[in-house]
Novice: 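I'd like to ask some things about the structure below.
Heavy-atom basis, side chains included; hydrogens, waters and symmetry copies ignored. In each ligand, atom 1 is the first atom listed, and ligand 1 is the first ligand listed.
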Amino acid sequence: MLPSTVYNRLLSAYREDRPQFFLLVDPDKADPAQLPGFVAEAQDAGVDGFLVGGSLALLPHFEECLRSIKVAATVPVVIFPGGLHQISGEADAILFLSIISGRNPEQLIGQHVLAAPMVHELGLEPISTGYMIIETDAVTTTEYMSYSKPIPRGKPEIAAAHALAAQMLGMKLVYLEAGSGAPQSVPTPMIKMVRELTDIPLIVGGGIRTPEAAAEKVAAGASVVVIGNYFEENGNLVQLRAFADAVHGGRAQRITEI
Ligand code: 1GP
């Protein structure tokens, strides 16, 4: 049996074809006092995990947010770091992200050299992730802050070659990112081609605002669908279950409709 780590949980879900629905919590938009209730509600609705982080940090309460989430969380809580300021032992794991779509050495290896000793010392589980920013009609915060050129959205083969290289380099996850609040999500043919060429879990996020869109990402091959912005509106929380059901049942419409 695989040791119980966050990565092995993701890997088992991938191998057993159980798509996962993760929420992104941006600490700049969160009230720590509200987080335990939000987390409990999300889990009841079927959320499988939480990513916590963001490209910017305007408020100094990252760790407080993590602690508040952990009060109620029974599912993995994973740091999605915007930089070195978002490393903490309060989470279950950290996505050790290399922005492989760009050629900015700081985002490929520089920041990681600074982060690694801290992650090690904290005993935090690092999950090495080949992270790709995918072009949309807007320049997203992720793209701007990372000085990383996105992959053209009409070129699925470029994304697939990057994903394959990430897998060959030993990375454990591939993450296709349109950017938080992006006007378009990652194109379905790109997800499909990355899925066909690789056999590690594939995370897809950015600009997903309907259960149908979430299901479409899963049908194309996403192992984990991440949604942030849409659930920052309180009124949208009633739809959590519809999204969770769409992700969990999304394999049913596989491929024939794409
Ligand atoms: C996670 O950045 C995304 O990959 C979240 O994007 O906020 O647009 O859902 P949204």
Novice: Give the residue and atom name of whichever protein heavy atom lies nearest to atom 6 (O) of ligand 1, and the separation in Å to one decimal.
Specialist: Gly206 CA, 3.2 Å

Novice: Assess the side chains of Ser148 and Asn104: does a donor N or O sit below 3.5 Å from an acceptor N or O?
Specialist: no

Novice: For ligand 1, which atoms have a heavy atom of Gly207 less than 4.0 angstrom away?
Specialist: 6 (O), 8 (O), 10 (P)

Novice: Return a yes/no value for Gly228: is any of its N or O atoms, backbone included, closer than 3.5 angstrom to an N or O of ligand 1?
Specialist: yes

Novice: Does the distance from a Lys or Arg side-chain N to an Asp or Glu carboxylate O, for Arg153 and Glu135, drop under 4.0 Å?
Specialist: no

Novice: Does the N or O separation between Ile208 and ligand 1 drop below 3.5 Å for any pair?
Specialist: no

Novice: Quick check: Phe21 with His248 (ring centres under 6.0 Å apart)?
Specialist: no

Novice: Are any of the N or O atoms of Phe80 closer than 3.5 Å to those of ligand 1?
Specialist: no

Novice: Please confirm whether the ring centroid of Tyr175 lies under 6.0 Å from the ring centroid of Phe80.
Specialist: yes

Novice: For atom 8 (O) of ligand 1, what is the nearest protein heavy atom, given as residue, atom name and distance?
Specialist: Gly181 N, 2.6 Å

Novice: Tell me the contacting part of Tyr230 for ligand 1: side chain, backbone, both, or neither, using a 4.0 Å heavy-atom threshold, strictly below.
Specialist: neither

Novice: Of all the heavy atoms in Phe231, does at least one lie under 4.0 Å from an atom in ligand 1?
Specialist: no

Novice: Step by step, would you call Lys70 with Asp92 a salt bridge (Lys or Arg N to Asp or Glu O under 4.0 Å)?
Specialist: CA-CA 9 Å; Lys70 285 292 287 178; Asp92 299 316; 2.6 Å; yes

Novice: Looking at Phe38 versus Phe231, is the centre-to-centre ring distance below 6.0 Å?
Specialist: no

Novice: When rounded to the nearest 0.5 angstrom, what is the spacing between CD in Glu177 and OG1 in Thr136?
Specialist: 10.0 Å

Novice: What's the shortest distance from atom 4 (O) of ligand 1 to any protein heavy atom, and which residue and atom give it?
Specialist: Tyr175 OH, 2.4 Å

Novice: Taking only heavy atoms of Val226 into account, list the atoms of ligand 1 that are under 4.0 Å away from them.
Specialist: 1 (C)

Novice: Measure Asn229 to ligand 1 on non-hydrogen atoms and call it side chain, backbone, both or neither using the 4.0 Å cut-off.
Specialist: both

Novice: Find the distance between CD1 (Ile133) and CE (Met145) and round it off to the nearest 0.5 Å.
Specialist: 11.5 Å

